[in-house]
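Here's the structure, in structure tokens; my notes come after.
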Amino acid sequence: MDCVGIIGYGHMGSMLVNGFLASGALRVDEVVVASRSRESRDACAGAWPGIGIAATNRELARRCRTIILAVRPREIRGVLNEIVSVMDGDEQIVSLAAGISLDDLEGLFPGSVTRVVPTVTSAVGQGTTLICHGRQVGMHDTLRVEGLFSSIGDVVLVGEDDLPAATILSSCGPGLFAAIIDELAGATARASGLPPDRALMLATETVAATAAYLRETGEAPGDLIERVATGGGVTEAGVQRLRERLPGVFDEAVAAMLQRYGAVGK
Ligand SMILES: NC(=O)C1=CN([C@@H]2O[C@H](COP(=O)(O)OP(=O)(O)OC[C@H]3O[C@@H](n4cnc5c(N)ncnc54)[C@H](OP(=O)(O)O)[C@@H]3O)[C@@H](O)[C@H]2O)C=CC1
Ligand SMILES: O=C(O)[C@@H]1CCC=N1
């Protein structure tokens, strides 16, 4: 059977298992999971009775044709070296690891290799998964992996050169926006009598509504600001402060992320 194997049942591995199974893209008897700790394997077996659990990564590699590597970048080489000797060579490797290139992956497994960058927001059916296929990926594997990840959200094909920047936006983005929501809510609560949980609820709703507005209207952010910020009014005072400071802050944050991206798998 053409089982899908997932190595690493952490944040991404568990989200993918939940997403593929809850969406009906896969049945429990089509999924095999391996993870380093007994605790993670037991958690998976408890959450999804009937799912395949492999005691070792090599056992998973013997049972599956599509193998998703959901371990941290620095673990990728060790895991691939471990499983490659039991593989036939016609499997498809799907790596989620930020910063590990197709060349690196194909150097370890000279076959069908795809890089996929999921996003945590797929847990609620929102957000974009980035996909970048290697040179050896045939039509069957292309359709298989794109179909699978379409079951948990939008899929966008990206050239490898654009992957770091696209990853910052679509995959690191939820973390960045969560930090912004937290800071805005915190500052408002500190400066007023508004309870922090109410401030957080209002800030979260407003960010969701603003994103929906921009997406549905296609309006440019600058035009929306002009619509909100009545001349001489309240918003204008806040936007002015942000416009002075934020470009520098965001330039620094993006530079730090790009630097880390290049170093994360080493
Ligand atoms: N978090 C995110 O939003 C995103 C992450 N990614 C990428 O996804 C990958 C996973 O990230 P994330 O889920 O956050 O990381 P986590 O640390 O949450 O999960 C990693 C998992 O890998 C398991 N693991 C570690 N070593 C091995 C091994 N040798 N064999 C089998 N399993 C092992 C761990 O097992 P155990 O629990 O059993 O100890 C753990 O469950 C990374 O490469 C990251 O770059 C990509 C896009 C988004
Ligand atoms: O922060 C990280 O390294 C991972 C990759 C993209 C999102 N999370």
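Counting starts at 1 for both ligands and their atoms, following the listed order. We count residues from 1, following the sequence as given.
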*asked:* Quick check: Thr119 and ligand 1, any N/O pair under 3.5 Å apart?
replied: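 There is no such contact.
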
Who's the nearest protein heavy-atom neighbour of [atom], and how far?
atom: atom 13 (O) of ligand 1; value: Met12 N, 2.8 Å
atom: atom 20 (C) of ligand 1; value: Ala70 O, 3.7 Å
atom: atom 35 (O) of ligand 1; value: Ser35 OG, 3.1 Å
atom: atom 46 (C) of ligand 1; value: Leu96 O, 3.4 Å
atom: atom 41 (O) of ligand 1; value: Gly10 N, 3.1 Å
atom: atom 30 (N) of ligand 1; value: Asn57 ND2, 3.0 Å
atom: atom 43 (O) of ligand 1; value: Val71 O, 2.6 Å
atom: atom 32 (N) of ligand 1; value: Arg36 N, 3.2 Å

Region of [X] engaging ligand 1 - heavy atom pairs below 4.0 Å:
X: Pro174; result: neither
X: Ala97; result: both
X: Ile7; result: side chain
X: Val79; result: side chain

*asked:* Which option wins on minimum heavy-atom distance to atom 37 (O) of ligand 1: Ala123, Ser95, Ala98, Ser40?
replied: Ser40

*side-chain hydrogen bond (donor to acceptor under 3.5 Å, both in side chains) partner of Ser112, chosen from Thr66, Asp90, Asp141*: Asp141

*State which residue, out of Arg115, Glu146, Gln92, fulfils the side-chain hydrogen bond (donor to acceptor under 3.5 Å, both in side chains) condition with His133.*
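Exactly one option meets the side-chain hydrogen bond (donor to acceptor under 3.5 Å, both in side chains) with His133, and it is Glu146.
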
*Would you mind checking if Arg27 and Glu30 are paired as a salt bridge, meaning a charged N to carboxylate O distance below 4.0 Å?*
yes

*Spatial distance of atom CG (Leu108) from atom CD1 (Ile76) [nearest 0.5 Å]*: 9.5 Å

*Reported CZ-to-CD distance for the pair Arg190 and Glu183, which is rounded to 0.5 angstrom*: 6.5 Å

_Heavy atoms of other groups near Glu226 CD, more than 12 under 6.0 Å_ =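 Counting neighbours around CD of Glu226, 12 or fewer heavy atoms of other residues, nucleotides or ligands fall under 6.0 Å, so no.
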
*Flag yes if more than 12 heavy atoms outside Tyr213 fall under 6.0 Å of its OH atom; otherwise flag no.*
yes

Would you say the side-chain atoms of [X] pair up with the backbone N or O of [Y], donor to acceptor, closer than 3.5 Å?
X: Ser122; Y: Gly153; result: no
X: Glu91; Y: Gly89; result: yes
X: Glu160; Y: Leu102; result: yes
X: Thr121; Y: Gln126; result: yes

*Report yes or no: does Pro73 have a heavy atom closer than 4.0 Å to ligand 1?*
yes

*Considering all heavy atoms, the nearest Tyr261-Ala98 contact*: CE1-CB, 4.0 Å

*Within a distance under 4.0 Å of any heavy atom of Ser171, pick out the atoms of ligand 1 and give their elements.*
47 (C), 48 (C)

*Counting each atom of ligand 1 from 1 as listed, which ones have a heavy atom of Glu75 under 4.0 Å away?*
26 (N)

*Is there side-chain contact between Met15 and Ile152, with at least one heavy-atom pair below 4.5 Å?*
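Contact flag for Met15/Ile152 side chains = yes.
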
*asked:* Would you say that Met257 contacts Pro164 through its side chain, given a criterion of any heavy-atom pair below 4.5 Å between the two side chains?
replied: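 The answer is no, as the side chains (C-beta and beyond) never meet within the 4.5 Å cut-off.
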
_As a test of reading the model: which residues have a non-hydrogen atom less than 4.0 Å away from ligand 2?_
Ala98, Thr167, Ser171, Cys172

